[in-house]
Enquirer: 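This is the structure I have questions about; it appears just below.
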2 protein chains.
Amino acid sequence: MAPKINKTAVLIGAGNLATHLGKALQAKGIEILQVYSRTEHSASSLAESLNTQFTTSLNNVNPNADYYFVCVKDDAIAEIVEAMPEVKGIVMHTSGSIEIDALQKFEKSAVFYPLQTFSKNKEYLNFEAVPLCLEANSDIIFNEVKQLACLLSSNIQQANSKQRKTIHLAAVFACNFSNQLFAIAASLLKEQNLNFSLLYPLIDETVAKIKTVSPDEAQTGPAKRKDFISMEKHLELLKEKPQLAEIYKLLSEIIMKK
Amino acid sequence: MAPKINKTAVLIGAGNLATHLGKALQAKGIEILQVYSRTEHSASSLAESLNTQFTTSLNNVNPNADYYFVCVKDDAIAEIVEAMPEVKGIVMHTSGSIEIDALQKFEKSAVFYPLQTFSKNKEYLNFEAVPLCLEANSDIIFNEVKQLACLLSSNIQQANSKQRKTIHLAAVFACNFSNQLFAIAASLLKEQNLNFSLLYPLIDETVAKIKTVSPDEAQTGPAKRKDFISMEKHLELLKEKPQLAEIYKLLSEIIMKK
C-alpha cells in the first residue's frame, strides 16, 4: 500500500501521459480525486483503472484538489484553461512547448514537463529516472511543485520557458525522429524478408557509445567516411522512395559538413 | 590464453574494423600473420598492438594465410584487390554495399559483413552478439566462413548481395542517422547550457520500446499527434538553422502520412 500523504490531484486529460502520471501519483500516496476527458470512454476507463470519479464537463471539475495536471494536446490547452473553473490548488500543464503564461488565469500555476515518451499499452512507467522539468509562477509554488516532483523522480531540472522549448525540440530529434528512422529501417528490411531485430545490437551499441563519447565523436558511416560510392548505391536503392532519398541526402550533407 | 586453432589471417587495412576484428580473431586463437596499410603509422601501430608483422606494400602481403580480411573504405576495395597477389586462403571483404564479384579474381572469396559500428578508441568490442552477414562464392567456402564466423558470434545471417545492401542501408538509417539526430539534439541543448545527458532516459525508453512494439506502433511526438502548434514553434526555433528545419519538416511529413 502507498503511504497516504494527504494530497489530492485531478487529471485533466486521459491520454498516455495522464494514465502513467495518475498511476505514479497514486503509487506515491496522492489521491486522484477525478479524471476529466471530453471523451466519456477515455474518462471512464482511466477513472476506473484509478478507482476514482470522472467527468466529461469542465464545469464539474472538483475545485478543491491540491494539484491539477493538464495533460492534453498543446493546441487544446488554451480552450481547456478558459473553460476550467477557479480552483484552490496549483494548475500545471505538462507541455514542453507552451509558456507558463498560458495558465495566468490561475493564482497558482506551474509547468510539470516529464521528459519521457509515454504509451498507454506499456504497463507501468517508472518515473524514477525521468527528468522532470519544472517552472512555476512564484518561488513558493516552485518549491511545492519541486517537492511533489521529488516524490516521483530523482532527476529534477529547473527550466525556464526558452530552455524547456529547446529541451522539447531536442527530444523530438533524439527520440521521435530517431524512432521514425528505426521505422524506416524496419520497413526497408521487411521488403527483403529480413527481421528488424537484426539491427538491435547495432542500435544498442549506437546508444551505448553516445554515453561514453559525444554523438559527434561517435559518428560513423558512409557520410562520415565521405564514402561516395556507398552513398550513391544507397540513393540508387532509394530511387523509388523520394522522401527517404531526401532525408538520406540531407543527413549525409550535415554529417559531411562537420 | 586463447586456444590455438592453427588458422592464420592477414588484415588488409588498419582502421576501426581491422582493429576490432584483429583483436577478436586473436582472442579466439587465430594467428594474425600480418597487417597491411598504405599508411605506415596505421600499419605499424595495429601490428604492434597485435604483436605481429606489418607491410605498406601489397606486393609483400603474405600469400600463405587461411583468411584475408579486406577492411578498407568501399571505394578503395577495387584498387586493393587489383594490387593484391594471388593468395592461398579465402579473401573476404567486409563491406555492406560491395558485391562479392569485386573479389572474383580470387579462387576463394566471401563477404564477411559485421553489422556493427566500430570505434578504435573503444577498448574491446564483443562480437558475440554482432550479426555477421555472410556470402561466399561456393557452398564449401560458405561453410568454412560460417565456421569461422561462429567462433566470433552467435548471430549468423546468410545474406545475398541485394539483402546485404538493404541491411547496410537500413543500418545507416537506424544507426548513423540516429546518431546524427542525437548530435543535433546535443548541440541544441548546449546552446541553452543544458546537458545532453538530460535526454538519456528518453533515448533509453525509445530504444526499449521498439523491442516490445514495432517502431511504427511506438511512434509519438508532435507529428504523430498532428500537433501543429508545437511543430510551428519548433520550426520558429529552427529559423536560423535551415538544414535542421528541412529535416524537421521531412521527418514530420513522413510521420504524419502514416
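Below, read A as the first sequence line, B as the second, and so on, with proteins coming before strands; counting in each chain starts at 1.
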Enquirer: If you tally heavy-atom pairs under 4.5 Å against chain B, which of A:Ser187, A:Ala223, A:Ser178, A:Ala183 wins?
Expert: A:Ser178
Enquirer: Of all of A:Asn193, A:Thr166, A:Asn155, which one pairs up most often with chain B through heavy atoms under 4.5 Å apart?
Expert: A:Thr166
Enquirer: Using a cut-off of under 4.5 Å on heavy-atom pairs, state which of B:Lys211, B:Glu253, B:Gln163, B:Lys226 scores highest against chain A.
Expert: B:Lys211
Enquirer: Would you say that more than 12 heavy atoms from the other residues, nucleotides or ligands in this model lie under 6.0 Å from the NZ of B:Lys190, or not?
Expert: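 Counting neighbours around NZ of B:Lys190, 12 or fewer heavy atoms of other residues, nucleotides or ligands fall under 6.0 Å, so no.
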Enquirer: Hey, could you give me the CG/OG1 distance between A:Asn176 and B:Thr206, rounded to the nearest 0.5 Å?
Expert: 7.5 Å
Enquirer: At a heavy-atom distance under 4.5 Å, which candidate from A:Pro215, A:Ala159, A:Ala129 has the highest pair count against chain B?
Expert: A:Pro215
Enquirer: Does any backbone or side-chain atom of B:Ser230 lie under 4.5 Å from a heavy atom of chain A? Answer side chain, backbone, both or neither.
Expert: both
Enquirer: Heavy-atom cut-off 4.5 Å, strictly under: side chain, backbone, both or neither for A:Gln157 against chain B?
Expert: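 Side chain only.
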Enquirer: Highest number of heavy-atom pairs under 4.5 Å with chain A: which of B:Ser197, B:Ala174, B:Ala171, B:Gly96?
Expert: B:Ala174
Enquirer: Looking only at non-hydrogen atoms, find the nearest pair between A:Glu205 and B:Gln116 and report the distance.
Expert: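 A:Glu205 and B:Gln116 have their closest heavy atoms at CB-OE1, 3.1 Å.
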Enquirer: Which label fits B:His234 and A:His168: parallel for a plane angle under 30°, tilted from 30 to 60°, or perpendicular past 60°?
Expert: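 Ring orientation of B:His234 relative to A:His168: tilted.
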Enquirer: Let me know which of B:Leu169, B:Asp74, B:Ile98 forms a side chain to side chain contact (heavy atoms under 4.5 Å, CB included) with A:Lys233.
Expert: B:Ile98
Enquirer: When you look at CD of B:Glu79, are more than 12 heavy atoms from neighbouring residues, nucleotides or ligands closer to it than 6.0 Å?
Expert: no
Enquirer: Identify which part of A:Phe196 has an atom lying under 4.5 Å from any heavy atom of chain B, answering side chain, backbone, both or neither.
Expert: side chain
Enquirer: For the candidates B:Ile247, B:Leu198, B:Ile255, which exhibits the highest count of non-hydrogen atom pairs separated by less than 4.5 Å from chain A?
Expert: B:Leu198
Enquirer: Please rank A:Val207, A:Asp227, A:Asp216 by heavy-atom pairs under 4.5 Å with chain B and give me the top one.
Expert: A:Asp227
Enquirer: Once you round to the nearest 0.5 Å, how far does OG of A:Ser97 lie from CD of B:Glu232?
Expert: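 Going from the OG atom of A:Ser97 to the CD atom of B:Glu232 covers 11.0 Å.
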Enquirer: Identify which part of B:Phe228 has an atom lying under 4.5 Å from any heavy atom of chain A, answering side chain, backbone, both or neither.
Expert: backbone
Enquirer: Looking at B:Leu188, B:Val172, B:Leu181, B:Asn160, which makes the most heavy-atom pairs under 4.5 Å with chain A?
Expert: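 Of B:Leu188, B:Val172, B:Leu181, B:Asn160, B:Leu181 has the most heavy-atom pairs under 4.5 Å with chain A.
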Enquirer: Between CD of A:Glu246 and CD of B:Glu246, what distance do you get to the nearest 0.5 Å?
Expert: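 So the CD of A:Glu246 and the CD of B:Glu246 are separated by 6.5 Å.
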Enquirer: Can you tell which part of A:Lys257 gets under 4.5 Å to a heavy atom of chain B, answering side chain, backbone, both or neither?
Expert: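 Just the side chain, heavy atoms under 4.5 Å.
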Enquirer: Pick one of side chain, backbone, both or neither for A:Ile203, based on which atoms fall under 4.5 Å of a heavy atom in chain B.
Expert: side chain
Enquirer: If you measure from CD on B:Gln180 to CD1 on A:Ile254, what distance do you get to the nearest 0.5 Å?
Expert: 6.5 Å
Enquirer: With respect to chain B, which residue among A:Cys133, A:Ala76, A:Pro222 yields the maximal number of heavy-atom pairs within a distance under 4.5 Å?
Expert: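 Most pairs with chain B among the choices: A:Pro222.
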Enquirer: Would you say B:Lys165's side chain and A:Leu237's backbone share a donor-acceptor pair under 3.5 angstrom?
Expert: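 Between the backbone of A:Leu237 and the side chain of B:Lys165 there is no qualifying donor-acceptor contact (under 3.5 Å).
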Enquirer: At a heavy-atom distance under 4.5 Å, which candidate from B:Lys162, B:Lys224, B:Gln243 has the highest pair count against chain A?
Expert: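 Of the candidates given, the most pairs with chain A belong to B:Gln243.
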Enquirer: Using non-hydrogen atoms only, which part of B:Ile210 is less than 4.5 Å away from chain A: side chain, backbone, both, or neither?
Expert: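 Both backbone and side chain of B:Ile210 come within 4.5 Å of chain A.
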Enquirer: Is it true that, when you exclude A:Arg38 itself, more than 12 heavy atoms of the residues, nucleotides or ligands shown sit nearer than 6.0 Å to its CZ?
Expert: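 Check fails, neighbour count at 12 or below.
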Enquirer: Tell me, for B:Ser252 versus chain A, whether the close heavy atoms (under 4.5 Å) come from the side chain, the backbone, both or neither.
Expert: both
Enquirer: I need the B:Leu115 CG to A:Leu199 CG distance, nearest 0.5 Å.
Expert: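 The distance works out to 5.5 Å.
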Enquirer: Which atoms of A:Leu189 are under 4.5 Å from chain B, going by heavy atoms: the side chain, the backbone, both sets, or neither?
Expert: both
Enquirer: Top residue by heavy-atom pair count (under 4.5 Å) with chain B, among A:Leu251, A:Ile184, A:Leu202?
Expert: A:Leu202
Enquirer: To the nearest 0.5 Å, what is the distance between OG (A:Ser95) and CD1 (B:Ile229)?
Expert: 9.5 Å
Enquirer: For A:Asp204, is it the side chain, the backbone, both or neither that has a heavy atom under 4.5 Å from a heavy atom of chain B?
Expert: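 Side chain of A:Asp204 only, per the 4.5 Å heavy-atom cut-off to chain B.
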